[in-house]
Every structure is written in structure tokens, then in C-alpha cells.
Amino acid sequence: MKKLSIILLSCTLILSGCWDTREFKEVKLGITAAYDMTEDGVYTNTILIPNVQNSAQGPGQESTQFLTAIGNTPTEARTNIDRRLSSTYSPAQLDVLLFGSNLAKQDIYPYVDAYYRDPRMHLDVVPAVVKGSAEQALKVVPKSEMRPSEYIEGIVDSEVDTTNSLETSLQAIGSELYEEGEDFVLPLLQVGDSGKTVSFEGLALFHDSSYTGKDISFDHTTLFVLMKKQKGKVARITAKIFDGKKPEPDNYTTINIEDFSSKIKSKPDKQNKVRTDITLDLTVMIQEYPQDHLALADLPEVKKKLEQALTDQANETLRTIQDANSDVFGIGRNINGHYPSYWKKLDWEKDFKEIKIVPHITVNIRSRGIFR
């Protein structure tokens with residue numbers, strides 16, 4: 001009898017499930033959501049819900065449903081969406097969160113707060129900023145896409161693979177949202193081709209939890225991501241290393257980064273001011289050299305001009321970052337951790353724009369290509 005009681009108790013515990021379990025039939029999963037702010041300052045939530053119709057003759061066909069609601073908080077807007085659904089809408093399985101630029105400039109924290117508080121939410125969702133209306137970007141469904149619900153997610157993923165964007169998520173930016181001394185970037189998207197496509201435009205710079213309105217342009221993102229110690233499956237940079245050659249493409253070269261190392265070191269200098277040195281060593285292959293003739297004797301000059309061009313690009317990016325007051329390299333956090341007494345004397349809100357950040361870029365040309 002005792003054995004039977006133990007068995008029954010064990011079965012009860014196993015079958016009882018998790019406290020937060022919900023049947024899939026009870027919820028509708030929104031795969032992508034857009035957050036906007038109206039001209040009157042009212043929060044707007046738009047969701048994309050994919051519906052798959054079963055087919056006896058092959059794979060089911062996906063259709064897409066868009067729903068928009070307003071509210072004073074994300075929860076209120078979600079409740080207003082629920083009123084038009086046969087089942088409860090759950091944001092727990094969202095893949096991408098889109099923030100309209102006007103809303104993002106205000107503060108994104110109120111719209112992600114629930115994700116950090118509700119244990120049913122997963123934090124792998126990828127946030128991104130859209131120039132203009134996030135709702136408009138969400139509703140772009142190119143005919144060439146087999147699965148519309150994966151269109152924007154695919155754009156963001158491909159930019160990570162090509163080292164144009166950092167691999168980010170709500171979990172990844174969580175510490176930057178809560179702690180002083182480090183900011184973050186998010187993918188920046190824009191609707192183009194008369195509303196037919198969405199394109200990746202660069203990286204949106206944030207300070208605290210607000211979009212600064214300043215960006216790292218697309219042609220500078222790869223170098224920035226490498227300085228941030230990340231690299232995707234491939235990394236290519238096109239740089240202008242000559243001036244005045246005809247035709248114009250002869251002034252440029254494209255390199256493929258085969259290997260790299262990045263170090264960031266911050267400390268007070270002799271004048272008792274913060275100095276940060278970013279050292280980036282690149283091993284590259286010349287992928288395009290329109291002038292054609294790239295002899296061994298030319299490599300020292302090409303190497304020198306490449307290093308100068310990339311250093312100029314890095315300095316331009318660093319100026320943009322400081323103008324935006326966006327400490328995306330976590331310099332403040334580093335100073336706080338290693339020099340706590342010195343950190344207490346700083347007003348980082350003002351001092352970050354005045355610190356000295358110096359890039360040191362070295363290029364090692366491993367290969368000129370298989371044809372020359």
C-alpha cells in the first residue's frame with residue numbers, strides 16, 4: 001500500500017506540469033510586433049500573426065494577420081488586441097520587436113519592462129529601430145518571401161552573419177538598460193522601394209534607454225562590430241585608398257577579413273583624464289582591386305593606405321558615438337571597475353564626450369587573390 005501511494009504521488013507530481021503552462025490552443029502567438037507613438041503621444045501596438053492552413057496534398061499555406069491597437073501601456077494595448085481575437089494573444093513567442101524612431105527617442109524601457117518581469121516571456125527576442133513608422137515596416141510582405149513572418153527576422157540575421165550588426169537580444173541589452181557606464185546599439189531599418197521592401201541602414205545609437213537619433217552608417221558598421229570583438233561568418237570592407245584615379249572604382253579596394261583581434265584599454269592618463277586605446281589587428285585578403293596590377297612591390301603602399309583609410313573611418317565612427325553620448329564600448333563601466341575612486345569624481349553624462357579615444361589599426365595582407 002505504501003509503494004502504491006508513492007507511485008500515485010510521483011505520477012501526480014509529473015503530470016501536474018509547470019505552474020505557468022498554457023495550452024497552445026488557448027493562445028495566438030505573435031511572431032513580430034511593432035511599437036509606435038502617435039502624434040498625440042498614445043502608444044500603438046501592431047502585431048503580425050502567421051496562420052498556417054493544413055493541406056492534405058502537401059505543406060500548409062501560411063497567411064498573415066495584422067492587428068493594431070492603442071493603449072496607455074503595452075499591456076492595455078495588448079488587451080485591446082485580445083478583444084478582436086478568438087484566443088488570447090501571447091507575446092511570449094515573439095522573435096522581433098520593432099520600435100518606431102519617434103517612440104525610441106522617447107524611451108523604450110516602458111515597452112520592454114514586461115519582458116523582464118514576466119517569467120513566461122523569453123528574452124531571445126531581437127529589438128530593432130525603424131526610421132519612421134515601425135507598423136509600416138511590419139506590414140511589408142514581398143511576394144518573393146516564402147514565409148512573410150520571417151522576412152524582417154531574416155534581414156537582421158543576415159546582417160549579423162555579414163558582420164554588419166551585433167548579435168543582440170533583450171537579454172543581451174538587459175545590463176546596459178539597468179547599469180550606468182555602458183550603452184548599446186540596435187539594428188536600424190527603413191522602408192524603401194515605395195513601401196515594397198525593408199532595408200538595413202546601420203546601427204542606432206542609444207544612451208540609457210533612449211535612441212539618440214544618431215547612427216553608425218552602413219558603410220562603417222563592419223569596422224565597428226570588429227572593434228566590439230564580434231565577427232559573423234564573413235566580414236568585408238570597401239575602402240577608398242586612392243584619390244583622383246580614373247575610372248572612379250580604381251580608387252577603392254575591397255578586403256575580406258580572415259582573422260582579427262581587438263583590445264580595448266581605458267585608464268586615466270598623466271593629465272588625469274580618461275584615455276581609451278582600441279587596438280584592432282586585421283588579417284585580410286584583397287578581394288577586389290580594380291586597378292588589376294597588384295604586385296608584391298605594391299603591397300607595402302596598399303597596406304599603409306588601408307590602415308590610414310580604416311583609421312580615418314574608425315575616428316569618424318568614434319566622433320559620432322561621442323556626439324551621441326553613447327558609451328557603446330562600456331568605457332565608463334571599465335573605469336568604474338578598475339578605478340572606483342577616480343570614477344566617483346567623474347560626471348560621466350558630461351565627461352564621456354570629452355574623453356580621448358584612439359584607434360590603432362594594423363593590416364596584414366595574407367593573400368592578393370588567385371588571379372593577378
Side-chain angles (χ1 to χ4, degrees), residues 32-38 41-46 70-78 91 94-119 121-135 137-138 152 156 165-189 201-216 221 224-225 228 320-337 343 346-353:
T32 310
Y35 298 70
D36 283 300
M37 185 75 74
T38 68
V42 179
Y43 166 79
T44 302
N45 184 195
T46 304
I70 63 173
N72 294 308
T73 69
T75 300
E76 183 178 29
R78 191 160 68 241
L94 285 177
D95 293 319
V96 179
L97 287 177
L98 301 178
F99 298 101
S101 54
N102 289 336
L103 179 144
K105 288 175 183 177
Q106 298 290 323
D107 190 354
I108 68 167
Y109 184 78
Y111 312 104
V112 299
D113 176 71
Y115 288 85
Y116 295 108
R117 295 181 184 276
D118 191 338
M121 304 287 195
H122 75 85
L123 295 178
D124 291 337
V125 58
V126 176
V129 175
V130 179
K131 286 186 177 181
S133 168
E135 177 184 349
L138 181 67
I152 292 179
V156 174
S165 182
L166 297 169
E167 189 169 357
T168 190
S169 64
L170 287 184
Q171 181 171 352
I173 68 171
S175 58
E176 286 84 351
L177 283 169
Y178 285 98
E179 296 181 22
E180 185 182 14
E182 185 167 7
D183 295 308
F184 59 93
V185 296
L186 292 181
L188 181 67
L189 307 175
E201 295 297 310
L203 296 169
L205 291 162
F206 276 71
H207 177 59
D208 293 333
S209 54
S210 298
Y211 171 40
T212 64
K214 296 182 181 294
D215 320 305
I216 299 175
T221 53
F224 168 75
V225 173
K228 284 282 287 181
T320 301
I321 288 169
Q322 287 189 273
D323 287 344
N325 206 20
S326 180
D327 186 3
V328 290
F329 289 105
I331 297 170
R333 183 180 293 182
N334 185 277
I335 294 294
N336 188 12
W343 171 257
L346 297 172
D347 182 354
W348 202 238
E349 191 72 24
K350 296 179 180 179
D351 293 337
F352 174 71
K353 290 187 175 184

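In this structure, S169 OG and D95 CG are separated by 12.0 Å, a value rounded to the nearest 0.5 Å. Atom CG in N336 sits 12.0 Å away from atom CD in E182 (nearest 0.5 Å). Remark: E179 CD to R333 CZ distance equals 4.5 Å, nearest 0.5 Å. The OH atom of Y116 sits 6.5 Å away from atom CG of L123, with the distance rounded to the nearest 0.5 Å. Within the model, atoms CG of L98 and CD1 of I152 stand 4.5 Å from one another, a figure rounded to the nearest 0.5 Å. Here the CG-NZ distance, from D323 to K353, works out to 7.0 Å after rounding to the nearest 0.5 Å.
Although no hydrogens or angles enter the test, the distance criterion places no donor-acceptor pair under 3.5 Å between the side chain of E76 and the main chain of I70. One N or O on the side chain of D183 and one on the backbone of D208 form a donor-acceptor pair closer than 3.5 Å. Checked by atom type and distance alone, the side chain of T212 pairs as donor or acceptor with a backbone atom of L205 at under 3.5 Å. One N or O on the side chain of H122 and one on the backbone of L94 form a donor-acceptor pair closer than 3.5 Å. Under the 3.5 Å distance criterion, the side-chain polar atoms of H207 are matched with a main-chain donor or acceptor of N325.
What you find for Y211 and A204 is that their closest heavy atoms are CE1-CB, 3.5 Å. Shown here for V112 and L170, the closest heavy-atom pair between the two residues is CG1-CD2, 3.9 Å. The nearest pair of heavy atoms linking T221 to G202 is CG2-CA, 3.9 Å. Here the closest non-hydrogen pair linking A104 and F99 is CB-CB, 4.2 Å. Minimum interatomic distance between N45 and A77 (heavy atoms only, all atoms of both residues): CB-CB, 3.8 Å. Summarising the geometry of S165 relative to L203, their closest heavy-atom pair is OG-CD2, 3.7 Å, with the distance given to 0.1 Å.
Counting heavy atoms from C-beta on, the side chains of I108 and P127 never come closer than 4.5 Å. L166 has its side chain within reach of K228: a pair of non-hydrogen atoms, C-beta onward, lies under 4.5 Å apart. The shortest side-chain heavy-atom distance between L103 and Y43 falls under the 4.5 Å cut-off. Counting heavy atoms from C-beta on, the side chains of L138 and Y35 never come closer than 4.5 Å. Side-chain contact between T168 and V126 is present, with heavy atoms from C-beta onward closer than 4.5 Å.
Note on residues 99-112: pairs passing side-chain hydrogen bond (donor to acceptor under 3.5 Å, both in side chains), not counting sequence neighbours, are D107-S209, Y109-D113, Y109-Y178.
Ring orientation note: the planes of F184 and F206 are close to parallel, at an angle under 30° on the 30°/60° scale.
Between the side chains of W348 and D327, at least one donor-acceptor pair of N or O atoms lies under 3.5 Å.
Around atom NZ of K214, no more than 12 heavy atoms belonging to other residues, nucleotides or ligands sit under 6.0 Å away.
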